[in-house]
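Just the heavy atoms: all of them, side chains too, but no hydrogens, waters or symmetry mates, feed the values below. In what follows, every chain begins at residue 1, and chains take the letters A, B, ... in the order their sequences are listed.
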There are 2 protein chains.
Amino acid sequence: MSASIEDVARAASVSVATVSRALRGLPNVAPSTRARVLAAASELRYVADPHASRLAARRSLTVGLALPMIGTWYHAKLFSGVEAVVAATGYDVLPFTMTGTGGVDRFLEDLPFRKRVDGLVVVDAPLHPDQLGRLVGAGVALVTLGLRCEQAPSITLDNRAAARLAVSHLTGLGHRRIAIIGGVPDDPFRFSAPVDRHRGYVDALSAAGITPDPALAVPGNFSLEGGAEAMQRLLGASDPPTAVFACSDEMAIGAMQVARDAGLRVPGDLSMVGFDDHDVSAYLGLTTIRQDVTGQGERAAQLLLGLLAPTGGGGAVTVHEVAPTRLLVRHTTGPPPHPTDQFD
Amino acid sequence: MSASIEDVARAASVSVATVSRALRGLPNVAPSTRARVLAAASELRYVADPHASRLAARRSLTVGLALPMIGTWYHAKLFSGVEAVVAATGYDVLPFTMTGTGGVDRFLEDLPFRKRVDGLVVVDAPLHPDQLGRLVGAGVALVTLGLRCEQAPSITLDNRAAARLAVSHLTGLGHRRIAIIGGVPDDPFRFSAPVDRHRGYVDALSAAGITPDPALAVPGNFSLEGGAEAMQRLLGASDPPTAVFACSDEMAIGAMQVARDAGLRVPGDLSMVGFDDHDVSAYLGLTTIRQDVTGQGERAAQLLLGLLAPTGGGGAVTVHEVAPTRLLVRHTTGPPPHPTDQFD
DNA sequence: GGGGTTGATGAAAGCGTTTTCATCCGTTAG
DNA sequence: CTAACGGATGAAAACGCTTTCATCAACCCC
């Protein structure tokens, strides 16, 4: 079918060993020989069979990308970033989605993975630190994104500070009844972002002398629908909020729509701040916490490839990076309806 | 390091051939033997090395997913669909993004691909039918998505009919000056969707006795920004439209924002219909043409796996499926500002 | 009972690379 | 002039599977 290394060797009148060396740019090949081999290879349109070479070299030249799902804005952006830098280096990327709760176990049981990938970017780490530790112990190069674990480099956000910033913006505008739309109620993963964001929310309230009202903290599932349902619940409360901090822009968008359908003006009657800076947020004028998701994906890939590089694995200390976030004030936040009423 | 097939063979006191057969569920293995092998394998936590097995079996057990990019809503959804069904069958999916114009050539030159994947889902086919034909000729199982090519099964939309439907909705409401926000001006790919949608647009106008005004057809690049810029241009025209058909929801969203910023009410002063039914569209009340992108991805994967299945490759006639679309009337379309004026 | 089946098994030949190790030869140092 | 050296090369042994082919026993039907 297609040319093998032997065909090239024959065409260039050298041994397969020399072809292998010449083609991979290894030293100790005479320049004239290398040229001859290169010519023969391109003449025959030879490309090394990846499986054969990976078997022989005992490296898969593949990095796995494990994430809870793909198809959401956040994960797609992340994927995009990772893929871009990984592909540029000749590695393959093997996506692995662990949808649902069983997915995580599947992931761990799928030890084929261990033989398939040289390294792994684990996103939103729906894994126990122990489990991650086991992976590291098993010799898989690992970078985590969204959760910090001591054994491996990570990229995270200062979620608490970011949330504090968002909510302070709200208190600064005079809001006293501020709701938070957060993660999933019965967290099947111990995903820390929603927890940390909730802490930042509490921080900011406390700083403004406000006691958090449990009725104002509702789960939103990080989805449009979840945000909408959450808002529904908030509006049904006896004393509805004048402002909402949604832990993702998608939830914010869903929530805003419900609010507007209920006749509330945003920001006139209700202020809304989101988290992410989703592509559409700029067009909706959503005030939000901006983060560069694609950039984080790229960075994670770079870290991983660094680990994989012949030189990198050794002495380097595992680095924990905190990606920057900032508050983007647009047009969905403003003073509460009757600010003075709240202060008497 | 980790157990090999020989270890299992030894542990079960059989030959490696028998282990291979037993583990893969091949016939002609005594039940008792199979049980013994299974036990030994699970005891040793044995998993076949994928590279070795792929090399020996001469199948990569991988399907490639070639798309112009990842990170947009549309492509992420597609990916999600493909990945879900492919992963369920034990195949790997290898994403290949051909960003930019050079990407396509890279894709074609990357014949490693041919040795790496058993089949390919090509999305939005930024390839010449000739090039696709060559791929098919080279023995790669192929399914195209978004463009139809005779040599391979495909999943497409009836873009023309869908656009006709969208624009008819507008003419039906009484609009006469209807703009279209379409694809990229100097189409580096000969991507047919925008072209067909434009045809449908013209169809609908003609049916209503309207002569298309070239000034009302502007490119939008299928992005939020592009949609915004397009709207900018439309508003600057001497005789602005009262309705806009955007070839994607993202463009519609960008355009709507610009329109609203310019003081226009939607749908009071301007009607807007999009295409896709993006996740957020429901929450924005955007009237649009709905398509099930994830479903199309799933279907494409099924077709491809069917081709790959031992039985499937042979006699089956290549099928061209047309995924359904329908008009979803929400709240961004209404009669033109002064309908009667238009009919004098 | 004997020849033909049939099913279970193992030996061994690939699959297409990489990599080790030995060889060969032209240089350089002594 | 010889010995040691180092760079270029090839032979061959992995790498860890799959698959063909041969073997062997048990079985079946006149």
Side-chain angles (χ1 to χ4, degrees), chain A residues 1-38 40-41 44-62 90 92 111-116 118 310, chain B residues 1-38 40-41 44-62 90 92 111-118 139 310:
Chain A
M1 174 76 53
S2 77
S4 87
I5 197 173
E6 282 197 68
D7 301 325
V8 179
R10 209 171 304 122
S13 319
V14 293
S15 70
V16 296
T18 300
V19 174
S20 177
R21 281 188 288 253
L23 256 28
R24 285 179 305 145
L26 297 182
N28 294 353
V29 176
S32 63
T33 308
R34 192 185 303 268
R36 204 147 31 91
V37 170
L38 253 32
L44 294 169
R45 307 181 78 67
Y46 168 75
V47 181
D49 179 305
H51 298 303
S53 101
R54 289 165 190 197
L55 173 58
R58 266 163 294 202
R59 317 189 317 133
S60 67
L61 284 184
T62 300
D92 286 341
L111 291 186
F113 224 80
R114 269 172 48 188
K115 292 186 178 175
R116 279 195 221 165
D118 298 329
Chain B
M1 173 76 53
S2 75
S4 85
I5 196 174
E6 283 198 68
D7 301 326
V8 179
R10 209 170 305 123
S13 320
V14 294
S15 70
V16 296
T18 301
V19 174
S20 177
R21 281 188 287 253
L23 256 27
R24 286 180 305 147
L26 264 35
N28 294 354
V29 176
S32 64
T33 309
R34 193 186 302 271
R36 201 145 34 90
V37 171
L38 254 30
L44 294 170
R45 306 180 78 66
Y46 167 76
V47 181
D49 178 306
H51 299 304
S53 99
R54 289 163 190 199
L55 174 59
R58 268 165 297 208
R59 316 188 319 132
S60 67
L61 283 184
T62 300
D92 286 341
L111 292 187
F113 222 79
R114 268 171 49 186
K115 292 188 176 173
R116 278 195 224 164
V117 304
D118 297 331

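Here the CZ-CG distance, from B:Arg10 to B:Leu44, works out to 9.5 Å after rounding to the nearest 0.5 Å. For the atom pair CG of A:Asp49 and NE2 of B:His51, the computed distance is 10.5 Å after rounding to the nearest 0.5 Å. To the nearest 0.5 Å, atom CZ of residue B:Arg45 and atom CG of residue B:Asp7 are 15.0 Å apart. One finds the CZ atom of B:Arg116 at 12.0 Å from the CZ atom of B:Arg54 (value rounded to the nearest 0.5 Å).
Atom P of nucleotide D:dC17 and atom CZ of A:Arg116 are separated by 14 Å, given to the nearest angstrom. Between A:His51 atom NE2 and C:dG14 atom C1' the separation is 17 Å, expressed in whole Å. A:Arg10 has its CZ atom 19 Å from the P atom of D:dT9, to the nearest Å. Between the CZ atom of B:Arg59 and the C1' atom of D:dT19 there is a distance of 13 Å, rounded to whole Å. What separates CZ of B:Arg54 from C1' of C:dT17 is a distance of 16 Å, to the nearest Å. Straight-line distance from the CG atom of B:Leu61 to the C1' atom of D:dC17: 12 Å, rounded to whole Å. In this structure, CG of B:Leu44 is placed 15 Å from P of D:dG16, rounded to the nearest angstrom.
Contacts with DNA chain C (heavy atom under 4.0 Å) in residues 14-26 of chain A: A:Ala17, A:Ser20, A:Arg21, A:Arg24, listed by number. The stretch residues 27-37 of chain A has no heavy atom under 4.0 angstrom from DNA chain C at all.
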Between the protein and nucleotides 13-15 of chain D, which nitrogen or oxygen pairs are less than 3.5 angstrom apart?
none

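Taking the salt bridge (charged side-chain N to carboxylate O under 4.0 Å, His left out) definition, one finds that A:Arg58 meets it with nothing, sequence neighbours left out.
Across all non-hydrogen atoms, the minimal contact from B:Val37 to B:Val8 is O-CG1, 4.1 Å. Listed here is the closest heavy atom pair of A:Arg34 and A:Val29: NH2-CB, 3.5 Å. B:Thr33 and B:Val14 get closest at one heavy-atom pair: CG2-CG1, 3.9 Å.
In this structure the side chain of A:Leu23 reaches within 4.5 angstrom of the side chain of A:Leu38, judged on heavy atoms. Counting heavy atoms from C-beta outward, B:Pro50 and A:Lys115 have side chains that approach closer than 4.5 Å.
B:Thr62 places a side-chain N or O within donor-acceptor distance of the main-chain N or O of B:Ser60, the cut-off being under 3.5 Å.
Residue pairs meeting the side-chain hydrogen bond (donor to acceptor under 3.5 Å, both in side chains) criterion with at least one partner in residues 11-22 of chain A, sequence neighbours excluded, are A:Ser15-A:Thr18, A:Ser20-A:Arg24.
Note that the two end axes of the helix from C:dG1-D:dC30 to C:dG30-D:dC1 enclose an angle of 30°, each drawn from 5 base pairs, rounded to 10 degrees.
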